[in-house]
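Only a predicted model underlies this, so the values are computations on that prediction, with no experimental measurement involved. Just so you know, these numbers use all the heavy atoms, side chains as well, and skip hydrogens, waters and symmetry mates. Proteins come first, then strands; the chains are lettered A, B, ... in the order of their sequence lines, and each starts at number 1.
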Protein chains: 2
Amino acid sequence: MSVQTVEDTTTSVDLGPAAALSCRECGHRVPLGPLFACQECFGPLEIAYDFSSYETEELRRRIEAGPANIWRYAPLLPVPADVAGKPNLNPGWTKLVKADNLAREIGFEQGKLFIKDDSGNPTHSFKDRVVAQAIEAARAFGFTTLSCSSTGNLAGAVGAAAARAGFRSCVFIPHDLEQGKVVMAAVYGGELVAIEGNYDDVNRFCSELIGDPLGEGWGFVNVNLRPYYAEGSKTLAYEICEQLGWQLPDQLVIPIASGSQLTKIDKGLQELIKLGLVEDKPYKIFGAQAEGCSPVSVAYKAGHDVVRPQKPNTIAKSLAIGNPADGPYVLDIARRTGGAVEDVNDEQVVDAIRLLAQTEGIFAETAGGVTVGVTHKLVKEGLLDPSLTTVVLNTGDGLKTLDAVADTGATATIRPNLDAFRAAGLAS
Amino acid sequence: MSVQTVEDTTTSVDLGPAAALSCRECGHRVPLGPLFACQECFGPLEIAYDFSSYETEELRRRIEAGPANIWRYAPLLPVPADVAGKPNLNPGWTKLVKADNLAREIGFEQGKLFIKDDSGNPTHSFKDRVVAQAIEAARAFGFTTLSCSSTGNLAGAVGAAAARAGFRSCVFIPHDLEQGKVVMAAVYGGELVAIEGNYDDVNRFCSELIGDPLGEGWGFVNVNLRPYYAEGSKTLAYEICEQLGWQLPDQLVIPIASGSQLTKIDKGLQELIKLGLVEDKPYKIFGAQAEGCSPVSVAYKAGHDVVRPQKPNTIAKSLAIGNPADGPYVLDIARRTGGAVEDVNDEQVVDAIRLLAQTEGIFAETAGGVTVGVTHKLVKEGLLDPSLTTVVLNTGDGLKTLDAVADTGATATIRPNLDAFRAAGLAS
């Protein structure tokens, strides 16, 4: 038996157009493998692709003829070409909803405001997109246990995808999550470990575990599979543009947890421009945080390039990452594109959840309350132009954060007769 | 001003191919209008269509070029041709999941078992399909308030659709529903009235209300708009066949609440055959109930044509209709097609929810536990052939019936360190 290096073990890996891992800081390239930090400078690794063989119109036709899920974009993702035939949850191709009622309420021109509603994914959050990529990498690298640290949505997404794809799963969550997210993470039958601490504690624990023999052979979707995993967020960019008729939006409002989603959406938009699938033009990216966990927003407003960690305290638990890994990149993108980073408090989050539900019939998670609330605030501040095509992300489902609107109930409780109904005064 | 008859008021109604209302019992036809019972014999009215102008292959192309929602089938529904451009929730085109892992567990041949997963609809139940039809009828007939009696899922679907489409809503539910369903019904901002009683009490109350001046001008989606509303279930038949490559399945397992869904799926399959969109061949339809509300199953097994009402007592609240209006038609279809009607108890429902989650990553509502549980039971009884193409419906989402699996939680709760994890014994 020969001693294998990373190079040896990964030469036979088929992850489609993914050519190598490349350091975002120093550009150092290494072959594809379960790695996440540059060996030269400890910068984050990301996927480098070889798209050189693609002809624009042929690629567009291939995408349009593809399945109604993220695998229509398989030629642009780190997955094998036959990915659509493998057992996975096939997330994506969620609705881009023209939100004219909401537009009227918050001062937008008609026809300009859209909600990208990722609550339509299999486990009702955008996490299904990223987990689907991690699963393919885990298959390629021969892992049999899938793991993650999670604020809840990811736990459910990993549990469900692992069950269907035939992996063991063991996921780690803070002990104080919403009941819906705990049950949804546990019902798929994997191991679910509650950690006495917040998400940053869970994350630190996972980093320890991955360096320990205890975690050997484990694929942590958001640690050693992170470069693959993170690419899933690009599909949001692809779908938004294709659903707008292969056009870039003028403005996007994206929630910030680790910041990865926002940076990968920008990467996806840049790819579409380079591939000629959309016409190049300026677009602005806006980041949205909850006031109770707003390290990036605070840094943005202070004009800093560095993000100072916070101890989270907000109902928007799926965004409650106090030490966001991609914070500096988010600041860079917001500034470079002419966007901004803004935050809203918990009361504004709840108001925005209700407003979206009552205008468009979309019941969003707290994270969706954050983006809608921030959108409204940015319009009032004059930072967002309500006459331009704007896409606001809803990344999760209201059923998972019922506590936020738990005081919402029946208007009246009555006996089953007309007199009782008349007395309640609800006849129109 | 002339006094208008039903005929006069409805001549200008454009509901696409819908030509008239026709009594299912005596065949008496009346013009389209907000009517549900035959004036001649009190039998139920349903939509009669004029499909005479359709050429099979042209129709198929038109459907395949349509949107990824139920409106691809607009030519076969009581809706105007431009329906896709109107504000509605655009439900449908949910996933048909090949369930090979589940198949292995319950004795099916590989590649033969499919889950039609309607939890992917906008409010995460099949009710979005039927409400979308009722909304178009309500627009056509000039109603401004939408109403319904509901076991929960319908309340959310009406609330959401009404909000987006610009209707006032006032919906009626039993007072003891799951919290998730109550919040989801209320969050869209319509009136939500809890009735002290069970679903059958709520239904009786609505029938009173509709005959009273208090309810004048109200569109009750499942009462005076019922003929339109009910047609939405046909889209499940259309989607299943198109997703199977324009083929009929051999066997279908469908939950029974009022029985309407099952009868309309059969109607949809018959239409596809008559239109030449699928090849004619025998198929068997199986109905699924919870033991705690099994009036149709009991009648089926006793060989009766009449369904004796029951007082429901089951965790499958979305199926808890003790006096199912379409029960006799369900019995007829099950017998005519060579299917059956079966029931499972609450423990089997919970086991089936877990089994589906752990094999396919689909977290179903209790109603999905009923159909999967009944499928398993029918295979064991030899009534369902596990070597034939079989589609099992999951009509709702597990997040709405968390109570059923509320004892599901973390495997362990630990301090954030490796020693604690080692002690928990979960390393693979």
What heavy-atom pair brings [X] and [Y] nearest, and what distance separates the two atoms?
X        : Y        : result
B:Asn101 : A:Arg164 : ND2-O, 3.0 Å
B:Leu399 : A:His124 : CD1-CD2, 3.8 Å
A:Leu209 : B:Leu418 : CA-CD2, 3.6 Å

For this session: Look at A:Val187, A:Val182, A:Leu89 and state which one has the largest set of heavy-atom pairs under 4.5 Å with chain B.
Result: A:Val187
Exercise. For the candidates A:Ala161, A:Ala194, A:Gly398, which exhibits the highest count of non-hydrogen atom pairs separated by less than 4.5 Å from chain B?
Worked result: A:Ala194
Problem set entry | Proximal component of A:Asn90, with respect to chain B [non-hydrogen, under 4.5 Å] | both
Exercise. Heavy-atom distance under 4.5 Å to chain B: side chain of A:Leu355, backbone, both or neither?
Worked result: neither
Which one of [options] has the most heavy-atom pairs closer than 4.5 Å to chain A?
options                                : answer
B:Thr123, B:Asp117, B:Val193, B:Leu102 : B:Val193
B:Val97, B:Leu192, B:Thr144            : B:Leu192
B:Met184, B:Glu191, B:Arg204, B:Glu196 : B:Glu196

Where on [X] is there a heavy atom nearer than 4.5 Å to chain A: the side chain, the backbone, both, or neither?
X        : result
B:Ala406 : both
B:Pro416 : both
B:Val202 : neither
B:Ile362 : backbone

For this session: Indicate yes or no: at least one non-hydrogen side-chain atom of A:Asp212 is less than 4.5 angstrom from one of B:Phe421.
Result: no
